[in-house]
Amino acid sequence: MSEKKRIVISRYIGERAMSLLNELDRDEWDIILWKENEPASREWIEKNVPNATGLLVLLTDKVNESLLEIAGPSLRIVSTMSVGYDHVDTSALRKRGIKLGFTPDVLTFAVADLTVLLCLMATRNAGEGLTLVKNGQWPNLAFGPFTLCGPQIGAGVDGTKPYTVGFVGFGRIAQATLKRLAPYDISRCIYTNSTSRQAPGPQAPSEADKELAKSLGVGEIFAAPLDYVAKESDLVIVLAPGGPSTMHIIDERFLRAMKNHAVLVNTSRGTLVDTDALVTALREKWIWGTGLDVVEGEPLIKADHPLLALPRAVVLPHIGSATTDTREAMAMLAVTNLVNGVLGRELEREVKI
Ligand SMILES: O=CC(=O)O
């Protein structure tokens, strides 16, 4: 009797998504599942991946040359339950003709919501306020008129203050974030993309920029170089993909160029921000504060990380897409991609690598 084909899944991703695997005839397919509620050990993945046809991973699992070597030539599809895929070596996949499935779109609203949450928390000192209250140090017993005051997002109390939101990366999630911020009366949105980033100056708004500005009621929208975004923005939101091309794109130079009352929010990948420079920027008050859902070197499992001692740093544990609905949709899409991939069908969402 010939050996069954195998699929390796590095985390239990819920009953509904797992039930989609029923399309695979179990006389033909073995489903190998890591059942613990923590990342699968490398040892476990390496032990089970040889001769697999499909591999479903989360962003805690590195898919690199050595893993693909171990998997061998049977592997057809890697499906990641994430929109980001900087944990996957795409060139190693490409040269072996292995497809990569991912889960964009379904998480756009959840991440945009969390981005706005961090914008508000970081501008309004909510991190510091929460810490004081939890430590029994409620600060307003003597109601200081300016206690815990922070900058206000948007056009201000009389609705006339110019307010600029800068985006580093302006894809689906960034645009959904802008849509949520638009009711704050944003006079300008400036953004970088891979071409404008190094350009000599700001670009004239494209037709798409003009249309978006009109539909959202934002004064104007246009692309600009990084240093322009740093210098001009009251709020900088980082929403670009991770990987070598964006490593430390927010560095000391960028942070020094920012306005003193400006806030930096990162809900993409920790590697985009040079953490040491950010810590100095906060300590020396080059900027007002920061809201981070991702940090270089995460998870931060020790409370002695310098960021955590800073009252103006609001740090969340990478929960951008963590609504139940969204995670379920991501899980379903990841399994659909996996099943389609192993059966040789087109993936519902494939990274063109
Ligand atoms: O960070 C989360 C993702 O890439 O889905």
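One-based numbering, in listed order, for ligands and for the atoms of each.
For Val294, no heavy-atom contact with ligand 1 is shorter than 4.0 Å. Here Thr103 has no heavy atoms under 4.0 Å from ligand 1, in either its backbone or its side chain. Under 4.0 Å from ligand 1, not a single heavy atom of Met81 appears.
In summary, the atoms of ligand 1 found under 4.0 Å from a heavy atom of Ser82, numbered by their order in the structure, are 3 (C), 4 (O), 5 (O). For ligand 1, the atoms closer than 4.0 angstrom to any heavy atom of Leu59 are 1 (O), 2 (C), 3 (C), 4 (O). Contact atoms of ligand 1 toward Leu107: 5 (O) (distance under 4.0 Å to a heavy atom of the residue). Proximity to His318 (heavy-atom distance under 4.0 Å) selects the following atoms of ligand 1: 1 (O), 2 (C).
Residue contacts with ligand 1: Gly84 is placed with a nitrogen or oxygen under 3.5 Å of a nitrogen or oxygen of the ligand (distance criterion only). Close N/O approach between Ser321 and ligand 1 is not found [any backbone or side-chain N/O within under 3.5 Å]. By the 3.5 Å distance cut-off applied to N or O atoms, Arg269 is counted among the residues near ligand 1.
In terms of modelled atom types and a separation under 3.5 Å, the side chain of His248 and the main chain of Ile250 share no donor-acceptor contact. With Asp185 contributing its side chain and Gly154 its backbone, the two residues share no donor-acceptor pair below 3.5 Å.
For atom 5 (O) of ligand 1, the closest heavy atom belonging to the protein is Val83 N, 2.8 Å.
When the shell of 6.0 Å around OH of Tyr228 is examined, it contains more than 12 heavy atoms from other residues, nucleotides or ligands. More than 12 heavy atoms of other residues, nucleotides or ligands lie within 6.0 Å of CD in Glu38, so this atom counts as buried by the packing criterion.
Tyr85 and Val294 are members of different hydrophobic clusters when ILVMFWY side chains are connected at heavy-atom separations under 4.5 Å.
Residues Tyr191 and Phe167 keep their aromatic ring centres 6.0 Å or farther apart.
Atom CG of residue Asn337 and atom CG of residue Leu20 lie 11.0 Å apart, to the nearest 0.5 angstrom.
Arg312 forms a cation-pi arrangement with Trp288, by the criterion of a distance under 6.0 Å to the ring centre and an angle within 45° of the ring axis.
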